[in-house]
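None of the values given here were measured: they were computed from a predicted structure. Only this structure's heavy atoms are used, side chains among them; waters, hydrogens and symmetry mates stay out.
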Amino acid sequence: MSSNNLEKIASNVERFMNLVGMSDDTKRVQMEEELVGRMAGSADKKPSLVYAQDHLYLYNGKTLVKDYPGLGANSDRVLQCDAKKISILDRQAFLNNKTVMITGAVAATALAGAALADADQRKRQSSSKISYSNNNNNNNNNNNNNG
C-alpha cells in the first residue's frame with residue numbers, strides 16, 4: 001500500500017473519531033493506529049468502521065472483525081467510514097439487525113462544518129457585542145432613488 005493511501009485512511013479514521021466525539025487521548029491514538037493498520041492490511045476486503053451506541057465496529061465486507069465497546073464517545077448518530085468517505089447510516093436499521101443502510105454520504109468537512117457552526121452559534125450567543133444590520137437602509141435608499 002502506498003504511503004499516500006495510508007495517509008488518506010489515517011486522515012479519514014481521525015475525522016471519523018472526531019465526528020464520533022471520542023476524546024483525543026492515548027487510548028484513542030492507540031485505537032486509531034490499530035484501525036488504520038487493520039484497514040490498510042485488508043483493503044481488498046472492503047474494510048469499514050461503524051459507530052453506534054458507544055460501540056465501534058470494524059467490518060471486512062459484511063463480516064464483523066472486532067467490536068470496541070465503551071468508547072466514552074458522545075454521538076447519538078450511526079456513522080460509517082469506509083476509508084474513503086464518511087456516511088450517516090439509518091439508525092433503526094442498524095440497531096435492529098445490524099443492516100448497513102446509508103441514508104446519505106456525508107463529506108467529513110460538512111459534518112465538521114456543522115459542528116463548527118454550532119460552536120460559532122454558541123459563541124455568538126454568549127458574546128455581549130451588538131450587531132446592526134444595514135439591509136433595511138439599503139432597501140430604503142433604493143426605493144427612494146427609484147422614485
To the nearest 0.5 Å, how far apart are CG in Asn5 and NZ in Lys84?
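Answer rounded to 0.5 Å: 8.5 Å.
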Nearest 0.5 Å, please: how far is CD1 in Ile86 from CG in Leu19?
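Reported to 0.5 Å precision, the distance equals 5.0 Å.
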Answer yes or no: is there a side-chain heavy-atom contact under 4.5 Å between [X] and [Y]?
| X | Y | value |
| --- | --- | --- |
| Arg38 | Asn60 | no |
| Leu35 | Glu32 | no |
| Leu56 | Met17 | yes |

Strictly by modelled atom types, are Arg15 and Asn18 linked by a side-chain donor-acceptor pair under 3.5 Å?
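No pair is found: no donor N or O on one side chain lies under 3.5 Å from an acceptor on the other.
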Where [X] and [Y] come nearest, the two heavy atoms and their spacing:
| X | Y | answer |
| --- | --- | --- |
| Leu6 | Ala40 | CD1-CB, 3.6 Å |
| Ala52 | Tyr57 | O-CE1, 4.2 Å |
| Val36 | Ala10 | CG2-CA, 3.6 Å |
| Met39 | Pro47 | O-CG, 3.4 Å |
| Gly70 | Lys27 | O-NZ, 3.4 Å |

Sub-3.5 Å donor-acceptor pair from the side chain of Arg28 to the main-chain atoms of Glu14, do we have one?
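Present.
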ILVMFWY cluster, Val50 and Leu64 together (side-chain gap under 4.5 Å)
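Shared cluster, yes.
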Would you please name every residue forming a side-chain hydrogen bond (donor to acceptor under 3.5 Å, both in side chains) with Asp82, sequence neighbours left out?
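For Asp82, the residues satisfying side-chain hydrogen bond (donor to acceptor under 3.5 Å, both in side chains) (neighbours in sequence not counted) are Lys85.
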Who pairs with Lys8 by salt bridge (Lys or Arg N to Asp or Glu O under 4.0 Å), at least two apart in sequence or on another chain?
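Checked Lys8 against salt bridge (Lys or Arg N to Asp or Glu O under 4.0 Å); zero matches.
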Evaluate the criterion side-chain contact (heavy atoms from CB on, under 4.5 Å) for residue pair Met22 and Tyr68; output intermediate values, then yes/no.
CA-CA 12 Å; Met22 187 173 178; Tyr68 301 86; over 6 Å; no
